[in-house]
*Asks:* 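This is the structure I have questions about; it appears just below.
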Amino acid sequence: MSVTQTVSPYQLLLQGVRMLHFKYTYYDNTWYATHSLLGRPFEEDVKDLLRFLSENPGEIVVIYFQCTYFGDQSYHTFHDWLATVEYEGMNIYDFMHYDKVNVFGSYFAEGVRIEELRYNDLTENGTSAGVVLMDRREADVIPAVTEESDWSTYYFDIDANSSQEWHNRMGSNVLIKEIDRYAAELAATDLYRWKLRVNQTQAALSTASVGDIFRDIGAWSLLKFAEKHNVAVLEHERFDSWLKAMPVFQVDFANSDYGDFNRRVNEKIRARNEEIVRILRIEGTTYEDLYG
């Protein structure tokens, strides 16, 4: 119930992933990747990302950084630490091609807003890979008081600049109903239109009902559950409309080949992106043209 992917970030990126949700923890003077349990040193994941970026100019990767425990560290010390992690002499900020941001998307603050980002700017007209850096400033994860990092003003707050709902349920039928409800909510609310919109499809242990508890018992592995669940979501008759409402499709076991999932979902996402480009070339394009 702690393992959600089977390969490294580098391999996930090679197989089409373009948004990574990294969770990390500070323990015993080291930053670790973590999902309930400590994983490998987080430096290895960051170097995987840097390797992909250095080898693939023109690609953009959105990165969610979420801390589960800071200890005596903070967002600021973590942001400074990232500058020290290098692959072939380059760190993550060498792929950050935008100015200081409007962290919380406030109309009363200065800085680049997330809806102002453009492909040519983020990739220097396709000559470099680019990143969009985001982190979660959670109130219940209280960082220690440390000196403010100059890099912290380049991170968009996840919750202020993106829309996603963690359904926190188990079972494909239950999750698909929740996905459909949330897609309808997003499509009907203009306030969401300028945010990054994420379809969180993953399962989780739940005690919401007796049925959830029995489904928890049967689903001993998030990976095994995701194999069939991912295909069920992909093959649902409303998948295309969900993709319009929520262009980011977030799953466990993203590289699964069960039901030819990885190839088929990449084709779907690419087709939708190409459709958006065609629509944007039409003069007078409206939000409804793009998202229905």
Side-chain angles (χ1 to χ4, degrees), residues 1-25 27 32-49 51-52 61-69 136 158 164-180 182 198-209 211-236 239 242-243 246-269:
M1 282 294 174
S2 294
V3 179
T4 59
Q5 304 295 340
T6 63
V7 294
S8 69
Y10 177 73
Q11 190 63 44
L12 286 172
L13 291 163
L14 289 180
Q15 293 190 238
V17 169
R18 289 298 179 270
M19 193 275 274
L20 294 169
H21 185 178
F22 282 134
K23 292 187 178 182
Y24 62 94
T25 290
Y27 176 74
Y32 287 96
T34 183
H35 187 230
S36 300
L37 303 174
L38 288 181
R40 65 180 184 170
F42 193 44
E43 179 178 359
E44 297 180 37
D45 284 351
V46 177
K47 287 184 175 180
D48 263 359
L49 169 64
R51 179 186 174 190
F52 175 83
V61 181
V62 178
I63 309 160
Y64 280 14
F65 288 110
Q66 182 178 351
C67 186
T68 58
Y69 179 69
R136 176 162 281 156
I158 290 172
Q164 62 273 312
E165 183 171 309
W166 177 237
H167 304 299
N168 198 25
R169 301 292 298 276
M170 179 63 73
S172 275
N173 290 339
V174 173
L175 285 168
I176 285 173
K177 287 180 181 178
E178 291 296 313
I179 290 167
D180 196 44
Y182 190 57
V198 182
N199 184 0
Q200 290 195 349
T201 67
Q202 308 100 308
L205 289 174
S206 173
T207 57
S209 69
D212 282 282
I213 294 172
F214 279 108
R215 286 188 290 270
D216 292 343
I217 294 170
W220 56 271
S221 162
L222 291 176
L223 293 174
K224 292 297 291 183
F225 174 81
E227 275 190 324
K228 294 182 179 180
H229 173 63
N230 290 355
V231 174
V233 175
L234 177 63
E235 293 181 346
H236 194 276
F239 181 82
W242 295 339
L243 198 57
M246 301 173 289
V248 180
F249 184 52
Q250 185 174 346
V251 298
D252 293 336
F253 206 171
N255 67 309
S256 171
D257 61 2
Y258 180 89
D260 204 15
F261 170 76
N262 180 259
R263 183 192 63 79
R264 293 167 63 202
V265 76
N266 275 316
E267 284 187 353
K268 282 275 193 180
I269 293 171

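Everything numeric here is computed off the predicted structure, so don't read it as measured data.
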*Asks:* Determine whether the aromatic ring centres of residues Y32 and F42 are separated by less than 6.0 angstrom.
*Replies:* no

*Asks:* Can you confirm if the aromatic rings of F239 and F249 lie within a centre distance of less than 6.0 Å?
*Replies:* yes

*Asks:* How long is the gap from NZ on K23 to OG1 on T68, to the nearest 0.5 Å?
*Replies:* 8.0 Å

*Asks:* Find the distance between CG (N168) and CD (Q202) and round it off to the nearest 0.5 Å.
*Replies:* 11.5 Å

*Asks:* Can you see which heavy atom on I179 is nearest to which on Q200, and at what distance?
*Replies:* CG1-O, 4.4 Å

*Asks:* Does any N or O in the side chain of R169 come within less than 3.5 Å of the main-chain N or O of A204, such that one atom is a donor and the other an acceptor?
*Replies:* no

*Asks:* Nearest heavy-atom pair of N255 and N262: which atoms, and what distance?
*Replies:* CA-ND2, 3.7 Å

*Asks:* I'd like to know if the side chain of Y10 pairs up with that of Q15 as donor and acceptor (distance under 3.5 Å, no hydrogens or angles considered).
*Replies:* no

*Asks:* How long is the straight-line distance from NE2 of H229 back to CZ of F253, given to the nearest 0.5 Å?
*Replies:* 14.0 Å

*Asks:* Between D48 and P9, what is the shortest heavy-atom contact and its length?
*Replies:* OD2-CD, 3.3 Å

*Asks:* Under the 3.5 angstrom rule, does the side chain of N230 hit a backbone N or O of V251 as a donor-acceptor pair?
*Replies:* no

*Asks:* Measuring from W242:CH2 to H236:NE2, what's the distance to the nearest 0.5 Å?
*Replies:* 4.5 Å

*Asks:* Is there a donor-acceptor contact under 3.5 Å from the side chain of T34 to the main chain of G39?
*Replies:* no

*Asks:* Considering all heavy atoms of both residues, which atom of Q164 and which atom of Y182 are nearest to each other, and what is their separation?
*Replies:* N-OH, 3.4 Å

*Asks:* Between E267 and R264, is the closest basic N to carboxylate O distance under 4.0 Å?
*Replies:* no

*Asks:* Checking side-chain contact (heavy atoms from CB on, under 4.5 Å) between M19 and each of V61, I63, V248, which is the one that passes?
*Replies:* V248

*Asks:* Give me the atom names and distance for the closest heavy-atom approach of V17 to A254.
*Replies:* CG2-CB, 3.8 Å

*Asks:* Are side-chain heavy atoms of V62 and R18 found at a separation under 4.5 Å?
*Replies:* no

*Asks:* What do the steps show when you test Q250 against T201 for side-chain contact (heavy atoms from CB on, under 4.5 Å), and what is the final call?
*Replies:* CA-CA 6 Å; Q250 185 174 346; T201 67; 5.7 Å; no

*Asks:* Give the C-alpha distance, both sets of side-chain angles, the deciding distance and a yes or no for side-chain contact (heavy atoms from CB on, under 4.5 Å) between F65 and Y24.
*Replies:* CA-CA 8 Å; F65 288 110; Y24 62 94; 3.9 Å; yes

*Asks:* Under the criterion salt bridge (Lys or Arg N to Asp or Glu O under 4.0 Å), I'd like the reasoning laid out for K47 against E44: C-alpha separation, chi angles, the key distance, then a yes or no.
*Replies:* CA-CA 5 Å; K47 287 184 175 180; E44 297 180 37; over 6 Å; no

*Asks:* Salt bridge or not for D260 and R263, using N-O below 4.0 Å?
*Replies:* yes

*Asks:* For Y64 and L20, what are the C-alpha separation, side-chain angles and deciding distance, and is it a side-chain contact (heavy atoms from CB on, under 4.5 Å)?
*Replies:* CA-CA 6 Å; Y64 280 14; L20 294 169; over 6 Å; no

*Asks:* Show your reasoning for whether side-chain contact (heavy atoms from CB on, under 4.5 Å) applies to V198 and M246.
*Replies:* CA-CA 5 Å; V198 182; M246 301 173 289; over 6 Å; no

*Asks:* State the CD-CG distance between Q5 and L222, to the nearest 0.5 angstrom.
*Replies:* 10.5 Å

*Asks:* Measuring from F225:CZ to K228:NZ, what's the distance to the nearest 0.5 Å?
*Replies:* 11.0 Å

